[in-house]
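Here the structure is a predicted model, which is why all the values come from computation and not from measurement. Naming convention: chains lettered A, B, ... in sequence-line order (proteins, then strands); numbering from 1 in each chain.
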Amino acid sequence: MSAALHYPSYYPSYFSIEDILATNEKVPCKFEKTACDLGFLDPSGGSKDLEVGTKLELPCWLARALASRRQIVSCQLPKTFRERYREILKADAALVDLHTLSPHFYELGQHLLPLAGPEGTTLGLLLVETLRERLRSIMDTSLNTTEDDAGTRQSKLDQLERSLFLTGRKTFRDHQLWLSRRAHIVTTSYMVTQHNKRKFSEVS
Amino acid sequence: MDSIEIEFLAEKAPVTIVPNFTHDKLYLISGDVGPFTAGLPVDIPLWLGINLRQRGKCRLVAPEWMDVEKLTEIKEEEKQSKVFTQMPCEHYLIVTQLLLSSAPEDIPNAQQIKTLVKDIWDLRISKLRSSVAEFIESEGTHATLDRLTLLEINSVRPFLPHAFDQLHRISKSAHGSNLSQTTQDIQY
């Protein structure tokens, strides 16, 4: 229990699965140069090469690499980060269902910053303001609601918010357990009860 | 920190007991305890007091602040005040919890005290929540946690530090991209 309650907060790294999933989201791109022998990437095209001006949705990691120095493609923001959705988020961020909008909203947003061009400042501000505005309700629900209520609340949160939410839940549960004087009872570890592999002692 | 760890720290708080046995001084690592004389009140650490009480070796004396009138006063003060008021004991909830669960018959008006302490806790936690929300909205960079007790601070940990870590990380990368934007502009 004590080990589970304390860990450093999330920070993206090369091996972070969250980061990999976030950079896998699609970004609309337009090719500025002809890409030879890459026609198979565009199933509707049918030609051998990708012509200048072809519009394709590329994963964020690829788009970033192609757009940065050699400027093979030019990128647009995905629709979640465009003007219309920005207005919705500005109106009342706390009510938006971020999970359906974009499950890795903040992480993807940060990766898009260098691609956004002149819109970068607005995008950066949008990310910070959205999290700031949503933080209060996340804190209140994660630290105070009952178990069955928590599930429904959680479904509207993006992945980053969800991990924060679960952190809060752990504190809440720990405190409830302590209040009912059951915190000192040693229970079987989850790993042991869910152990599906054959045990060496059973085999031999 | 876990609640149990804070409970462990709180158990070092002194409590007065009336022993029903006589014993010499006990020499413990944390300090000397006793001597115990039957019928004479003596101050000992809470953990030892509870242990002796469970073995029926003493009677616990309620701390001075654990009194219906005093607690009602504190509760009213807490309700009126906009800031946190000074608590009579750093670990008031834990001490109450421990004393009431191990020796409810030694504390006069145990039920009332339990409700009062719970009320004070709830008042302070809701105050903490609203001030944290205000802090987030006001984009503050630091806050003083005067008069908050350890268990109260722990109730928003590690959620709050983590949340601010994320907020800081996002605003840093947003700011960073702004900077590179302006340097690019200069180059053009």
Within 6.0 Å of [atom1] in [X], more than 12 heavy atoms from elsewhere:
| X | atom1 | answer |
| --- | --- | --- |
| A:W61 | CH2 | no |
| A:E57 | CD | yes |
| B:R59 | CZ | no |
| B:E76 | CD | yes |
| B:E64 | CD | no |
| B:F21 | CZ | yes |

Heavy-atom distance under 4.5 Å between the side chains of [X] and [Y], does that happen here?
| X | Y | answer |
| --- | --- | --- |
| A:H175 | B:L151 | yes |
| A:T167 | B:R157 | no |
| A:Y11 | B:D165 | no |
| A:W178 | B:Q97 | yes |
| B:S155 | A:L143 | no |
| A:Y10 | B:R169 | yes |

Backbone N/O of A:L160 and side chain of B:Q166: donor-acceptor pair under 3.5 Å: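 Here the side-chain-to-backbone pair does not exist.
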
Any donor-acceptor pair under 3.5 Å from A:D174 side chain to B:S3 backbone: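 Such a contact is found between A:D174 side chain and B:S3 backbone.
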
Contacting moiety of B:I6, where chain A heavy atoms sit under 4.5 Å: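 For B:I6, there is no contact with chain A at all, as no heavy atom is under 4.5 Å.
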
Residue B:S101 versus chain A: region with a heavy atom under 4.5 Å: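 Contact with chain A is through the side chain of B:S101 alone.
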
Spatial distance of atom OG (B:S173) from atom CG (A:L127) [nearest 0.5 Å]: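 Between B:S173 OG and A:L127 CG, I get 7.5 Å after rounding to 0.5 Å.
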
Gap separating the CZ atom of A:R132 from the CD atom of B:E137, nearest 0.5 angstrom: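 Separation between the atoms: 9.5 Å.
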
Contacting region of [X] [heavy-atom separation from chain B under 4.5 Å]:
| X | result |
| --- | --- |
| A:S163 | neither |
| A:L166 | neither |
| A:L179 | both |
| A:E129 | side chain |
| A:E161 | neither |
| A:F172 | neither |

